[in-house]
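Numbering of residues begins at 1 and proceeds along the displayed sequence.
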Amino acid sequence: MIVGVVGKIAAGKTTVAKFFEERGFCRVSCSDPLIDLLTHNVKDYSWIPELPEKAEPTREKLIEFGKYLKDKYGGDILIRLAIDKKRHCKNIIIDGVRSREEIEAIKRFGGKVIYVEAKPEIRFERLVRRKAGKDKSIKSFEDFKRMDDAEEELYQTSKLKNMADYVVVNEGTLEELRRRVEKIIKEVVG
């Protein structure tokens, strides 16, 4: 079974994916193939479309290279690469799905899609708390809003909600989120 997780920055996609991982799913992010290609760490793949010049995987570089790959190899390239990276796994959870083509690819493989959402103020607080290197350029709520709006313009993430099999509102406690996700895991695994 393949499950994809969609949502805006800091909505809780990775947390949801980790709950699946705790239940035996192999976790992979859509950005993992981009990071692997940019850092030339490609041993886990049976194929790669091309090897770019080695570069630091900043958020900007990931977006730029991801757009290039999608334009050249199709909008589902990151899903195909993510599945290939975890091809030895029975169940795969893909974090950071960001397009209609990626959702369609997951569904072609017989998978399900979860859309995770939370208010911008809550997502900004989470982003500040997580202190991820890729987020270091975001210093204020205004910076966050600009990044969020740019990502929405690029990926139109909010429109993807209609394509999801499940919508999870993540504005409460971690335990509330866990309970919601556990119900989904039971449904998809059977």
Is the shortest side-chain heavy-atom distance between [X] and [Y] below 4.5 Å?
X: Val5; Y: Val97; answer: no
X: Cys26; Y: Asn91; answer: no
X: Asp95; Y: Cys30; answer: no
X: Lys61; Y: Leu38; answer: yes
X: Arg100; Y: Met163; answer: yes
X: Leu177; Y: Val168; answer: yes
X: Phe25; Y: Val189; answer: yes

Please check this pair: side chain of [X] against backbone of [Y], looking for a donor-acceptor N/O pair closer than 3.5 Å.
X: Arg123; Y: Ala118; value: yes
X: Arg98; Y: Gly96; value: yes
X: His40; Y: Ala55; value: no
X: Asn170; Y: Ala11; value: yes

task = Please check if atom NZ in Lys70 has more than 12 non-hydrogen atoms from other residues, nucleotides or ligands closer than 6.0 Å.
result = yes
Salt bridge (charged side-chain N to carboxylate O under 4.0 Å, His left out): pairs with one or both residues in [range], sequence neighbours excluded:
range: residues 42-54; result: Glu50-Lys72
range: residues 179-190; result: Arg23-Glu182
range: residues 163-176; result: Lys107-Asp165, Lys119-Glu171, Glu175-Arg178

Are [X] and [Y] linked, directly or through other ILVMFWY residues, by side chains that come within less than 4.5 angstrom of each other?
X: Trp47; Y: Ile83; value: no
X: Val188; Y: Val167; value: no
X: Val113; Y: Leu160; value: yes
X: Ile9; Y: Val116; value: no
X: Val6; Y: Leu154; value: no

Quick check for you: to the nearest 0.5 Å, what is the distance between [X] atom [atom1] and [Y] atom [atom2]?
X: Ile93; Y: Ser29; atom1: CD1; atom2: OG; answer: 11.0 Å
X: Ile184; Y: Phe20; atom1: CD1; atom2: CZ; answer: 6.0 Å
X: Ile94; Y: Ile114; atom1: CD1; atom2: CD1; answer: 11.5 Å
X: Ile2; Y: Lys90; atom1: CD1; atom2: NZ; answer: 13.0 Å
X: Leu127; Y: Phe141; atom1: CG; atom2: CZ; answer: 11.0 Å
X: Ile79; Y: Arg108; atom1: CD1; atom2: CZ; answer: 10.0 Å

Ionic contact status for Lys67 with Asp71, cut-off 4.0 Å = yes
Test: Asp149 and Arg146 ion pair at under 4.0 Å = no
ask   = Which pairs pass ring pair (Phe, Tyr, Trp, His ring centres under 6.0 Å) with one or both residues in residues 54-112, sequence neighbours excluded?
value = none
Show the nearest heavy-atom pair for residues [X] and [Y], with the distance to one decimal.
X: Ala164; Y: Tyr115; value: CB-CB, 3.7 Å
X: Ile185; Y: Phe19; value: CD1-O, 3.8 Å
X: Pro33; Y: Leu78; value: CG-O, 4.0 Å
X: Ala17; Y: Arg27; value: CB-CD, 3.5 Å
X: Gly75; Y: Glu102; value: O-CG, 3.5 Å

message = Classify the ring geometry of Phe124 against Phe144: parallel below 30°, tilted from 30° to 60°, perpendicular beyond 60°.
response = tilted
inquiry  = Using the salt bridge (Lys or Arg N to Asp or Glu O under 4.0 Å) criterion, which residues pair with Lys8? Sequence neighbours excluded.
reply    =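 Result, salt bridge (Lys or Arg N to Asp or Glu O under 4.0 Å) vs Lys8: Glu152.
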inquiry  = Run the side-chain hydrogen bond (donor to acceptor under 3.5 Å, both in side chains) test against Lys161 and tell me which residues pass, sequence neighbours left out.
reply    =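 Only Glu117 meet the side-chain hydrogen bond (donor to acceptor under 3.5 Å, both in side chains) criterion with Lys161.
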remark   = Test salt bridge (Lys or Arg N to Asp or Glu O under 4.0 Å), reference Asp84, set Arg80, Lys86, Arg87, output is Arg87
task = Only one of Leu37, Val28, Asp32, Leu34 passes side chain to side chain contact (heavy atoms under 4.5 Å, CB included) with Leu81; say which it is.
result = Leu37
